[in-house]
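Owing to the predicted nature of the structure, the values given are computational and were not obtained by experimental measurement. As a basis for the values below, the full set of heavy atoms in this structure was taken, side chains included, without hydrogen atoms, waters or symmetry mates.
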Amino acid sequence: MISLEDRPKLYIALAFTAGILLTLGYKDVYPDLERRFQSRRRWDARRKSLIEASRDHVNLEDRTSTSSSLATAENKQAPADTARSYEIRSGIEGTIGNTPLIKIKSLSDATGCEILAKAEFLNGAGNSPKDRVALNMIRLGEEQGDLQPGRGDCIYEGTVGSTGISLAAIARARGYRAYICMPSDQSAEKSSLLLKLGAIVERVPPASIVDTSQFVNMARSRAAEHTSSETHIGRGFFADQFENEANYLAHFEGTGPEIYAQTGGQLDAFVAGAGTGGTISGVALFLKPRLPKLKVVLADPQGSGLYNKVKHGVMFSGTEREGTRRRHQVDTVVEGIGVNRITANFEAGRELVDDAIRVSDDQALEMARWLVEKDGIFVGSSSAVNCVAALKLAKQLGPNHRIVTILCDSGSRHLSKFWAMAGNIGDKDDASLDNILSMHG
C-alpha cells in the first residue's frame, strides 16, 4: 500500500520512465521528421520564388482585335520561329510540324561534328514526316474540289505504311475514309495500326511498278472504281504520294524553313533517304538558294537504284542484273526508303542532290542498336540509314561541321521485322562506330 506522501514521487518516476521509453522508441523518427520539415521549407521557398518570378515576366497583350485572334479554324502549320509557342492548336492537324531539332550526342562526340536530327516522329497525327505530306495532299484535294467533307469521299493510297497511317488519322479528322493498299511483306504492326484507325487495308504481293497489281497501281484502280461505281457514295480520291507535288511542297513550305530557323542558317550538310523523294527535294529546294555551299546527300539502302542515279546518272542496282532481280521492290530489310525508279517528287529536286551514300542492312541494324544503347533513341529502319549516312559524311568532312538529318518514325512500327533482326539490347556485344563504318555498304 503506497502512502499518500509517496504518490507524487511515484508519478514523477512513472513520467520519467515513460519519457525515456518514448525517446528510445521514436529516436529513429526524429531525423526523418526533420528532413521532411526542411524539405517542406525548401519547397515552399522555391514555390514562392517561382510565383514571384512569373509575376515579373507577365506580358500583357491586347487580344481584342481580329488580327491577333486565336488560331484559325484551319490552323495551318505555324512559322518555324513559333515552334515553342504556347497557343492552343486546332485539332490533330495543329500538332503537325515544328518538330524539335535534337543533337545526337554520341555521334557528335565521336566525330567532332554537330550531328542534328529533325525529330519527325513527334508529328502528332501519324508520328512521321508523312503527316506533313498527308495533310498537304488532302488540303490540295479539297482546294481542287476532289474532296468534300460529308459527301462520303474515300482517300485511296498505295504505301508501305507511314503515309497510310498519316492519311488514315487525318482523313478521320476531316470527315473522310481511307483505303490503303500495301505490300504483304511489310511489318504486321503497320497494317494493324491502320485497321485501328478505321482504314480498309488491302495487302498485295510485292510486284514491279509496271504490274497492274502493284500496290500503288492497285490503289489508283480502286479509287477509279469507287468514282465510277453507281453503288458507292461520294468519290474516290487517289492521293498519289509519289507523283503529287503537294508532297515535296509540304517540306519546301514546312520542314525546310524550320531547319533553317532552328539552325540560324548555320549548317553544312543535309542528309536524307528517299522513297517518294519529297523530303530531300523539298528541303533542298528551300535551303540551297539560301545556303549555296550546303551539301545535300542522299542516304540510300542496299538494293535501291537511286544511289547510282545520283553518283553515275544511271538508274541501276545490282539486284537488276539478269537472273538476280527479286519480286520485292528493293532487296533490303529497310522500309520506307529506296526505290528503283525516279518519282516526280524526287525529280523536282534531283539536280540539287550533291552526293549519295550507300548503307547496308547490317549497318542500319547496328546503328539502330547503337542509338538505343548510347542515346536512348528508338527509331525505325529508315532513320537508322539516315544516321549511318550522317556518320559517314561527318568522317568525310572532318570535325567542326554541322549536319542535319531526319528521324522518321519510332521503332515500335518495326518490331516484327527490322527490330526482330536487330535483337534486344544487351543480348550481344554492340558494334563500335568504327565497326559499323567498316561493314560493307
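Panel note: side chain Ser166, backbone Asp131; a donor-acceptor pair is recorded below 3.5 Å. Checking side-chain atoms of Ser281 against main-chain N and O of Gly278 turns up no donor-acceptor pair under 3.5 Å. Between the side chain of Arg172 and the backbone N or O of Gly198 there is at least one donor-acceptor pair closer than 3.5 Å. With hydrogens and angles disregarded, no donor-acceptor distance shorter than 3.5 Å links the side chain of Asn345 to the backbone of Gly277. Remark: the backbone N or O of Cys154 is not paired with any side-chain donor or acceptor of Arg235 at under 3.5 angstrom. Using modelled atom types, one side-chain atom of Ser192 and one backbone atom of Ala188 make a donor-acceptor pair closer than 3.5 Å. Panel note: side chain Asn123, backbone Glu120; a donor-acceptor pair is recorded below 3.5 Å. Counting only distance, with no hydrogens or angles, the side chain of Glu189 and the backbone of Ser416 share a donor-acceptor pair below 3.5 Å. The backbone N or O of Asn424 sits less than 3.5 Å from a side-chain atom of Arg369, completing a donor-acceptor pair. Trp419 places a side-chain N or O within 3.5 Å of a backbone atom of Val379 that can act as its donor or acceptor partner.
Taking the side chain as every heavy atom from C-beta outward, Leu267 and Glu114 never approach each other to under 4.5 Å. Considering only heavy atoms from C-beta on, Ile403 comes within 4.5 Å of Leu393 through its side chain. Using a 4.5 Å heavy-atom threshold, the side chains of His251 and Val133 count as touching. Contact check for Tyr176 versus Leu147: side-chain heavy atoms found under the 4.5 Å cut-off.
Side-chain N/O atoms of Thr212 and Asn217 include no donor and acceptor closer than 3.5 Å. Side-chain contact annotation: Arg203 with Ser191, donor-acceptor N/O pair under 3.5 Å present. Of the N and O atoms on the side chains of Ser187 and His414, not one donor lies less than 3.5 Å from an acceptor on the other residue. A donor and an acceptor atom, one from each side chain of Gln214 and Asp211, are nowhere located under 3.5 Å apart. Ser108 and Lys103 share no side-chain donor-acceptor pair at under 3.5 Å. Between the side chains of Asp362 and Ser360, no donor-acceptor pair of N or O atoms lies under 3.5 Å. Checking Asp375 against Ser106 by side-chain atom types alone, a donor-acceptor pair falls below 3.5 Å. Residues Gln241 and Asn247 have side chains that never bring a donor and an acceptor to within less than 3.5 angstrom of each other.
Under the salt bridge (charged side-chain N to carboxylate O under 4.0 Å, His left out) criterion, Asp355 pairs with Lys311, sequence neighbours left out. For the salt bridge (charged side-chain N to carboxylate O under 4.0 Å, His left out) test, no residue two or more places apart in sequence or in another chain qualifies with Asp409. By the ring pair (Phe, Tyr, Trp, His ring centres under 6.0 Å) test, His401 pairs with no residue at all, sequence neighbours left out. Tyr179 meets the ring pair (Phe, Tyr, Trp, His ring centres under 6.0 Å) test with Tyr156; sequence neighbours excluded. By the ring pair (Phe, Tyr, Trp, His ring centres under 6.0 Å) test, Tyr260 pairs with no residue at all, sequence neighbours left out. Scored by the salt bridge (charged side-chain N to carboxylate O under 4.0 Å, His left out) test, Arg350 finds Glu347 as partners (sequence neighbours excluded). Residues satisfying the salt bridge (charged side-chain N to carboxylate O under 4.0 Å, His left out) test with Arg151, not counting sequence neighbours, are Asp153. A search for side-chain contact (heavy atoms from CB on, under 4.5 Å) contacts involving Ala272 returns Phe270, Ile280, Ile406, not counting sequence neighbours. Partners of Thr111 under the side-chain contact (heavy atoms from CB on, under 4.5 Å) rule, at least two apart in sequence or in another chain, are Cys113, Ile115, Leu391, Ala394, Lys395. Residues passing the side-chain contact (heavy atoms from CB on, under 4.5 Å) test with Ala284, sequence neighbours excluded: Val296, Leu352. Listed by chain and residue number, Val201 satisfy the side-chain contact (heavy atoms from CB on, under 4.5 Å) test with Leu195 (two or more places apart in sequence, or in another chain).
A salt bridge is absent between Glu335 and Arg413; no separation between the charged side-chain nitrogens and carboxylate oxygens falls under 4.0 Å. The pair Arg174-Glu93 counts as a salt bridge, with a side-chain nitrogen and a carboxylate oxygen less than 4.0 angstrom apart. A salt bridge links Glu258 and Arg132; the closest N-O separation between the charged side-chain nitrogens and carboxylate oxygens is under 4.0 Å.
Once rounded to the nearest 0.5 Å, the distance linking CG of Leu167 with CD1 of Ile180 reads 5.5 Å. The distance from atom CZ of Phe238 to atom CD1 of Ile155, rounded to the nearest 0.5 Å, is 12.5 Å. The CG atom of Asn244 sits 8.5 Å away from the CD atom of Glu157 when rounded to the nearest 0.5 Å. Atom CG of Leu249 sits about 8.5 Å away from atom CG of Leu140, to the nearest 0.5 Å. Note that NZ of Lys288 and CG of Leu294 are 6.0 Å apart. Values are rounded to the nearest 0.5 Å. Expressed to the nearest 0.5 Å, how far NZ of Lys118 lies from OG1 of Thr99 amounts to 3.0 Å.
Across all non-hydrogen atoms, the minimal contact from Ala389 to Val271 is CB-CG1, 3.6 Å. Residues Ala368 and Phe418 approach most closely at CB-CE2, 3.6 Å, considering heavy atoms. Shortest non-hydrogen contact noted between Ala134 and Ile170 is CB-CD1, 3.9 Å. Residues Pro301 and Ala299 come closest through the heavy atom pair CD-O, 4.2 Å. Closest approach of Leu298 and Tyr307 over heavy atoms only: CD2-N, 4.1 Å. Taking both residues in full, the closest heavy atoms of Glu366 and Ile436 are given as CB-CG1, 3.8 Å, listed atom of the first, atom of the second, then distance.
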Next item on the list: For Val204 and Ser184, run side chain to side chain contact (heavy atoms under 4.5 Å, CB included): C-alpha distance rounded to whole Å, both residues' side-chain angles, the deciding distance at 0.1 Å, then the answer.
Entry: CA-CA 5 Å; Val204 300; Ser184 57; over 6 Å; no
Item checked: Working for side chain to side chain contact (heavy atoms under 4.5 Å, CB included), residues Asp300 and Val359 -> CA-CA 6 Å; Asp300 209 34; Val359 177; over 6 Å; no
Next item on the list: Let me see the working for Val385 and Ile337 under side chain to side chain contact (heavy atoms under 4.5 Å, CB included), right down to the final yes or no.
Entry: CA-CA 9 Å; Val385 169; Ile337 58 174; 3.8 Å; yes
Checklist line | side chain to side chain contact (heavy atoms under 4.5 Å, CB included) between Ser383 and Leu407, intermediate numbers included | finding: CA-CA 5 Å; Ser383 302; Leu407 295 180; 4.0 Å; yes
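Listed by first and then second residue, the salt bridge (charged side-chain N to carboxylate O under 4.0 Å, His left out) pairs involving residues 243-252 are Glu243-Arg341 (not counting sequence neighbours).
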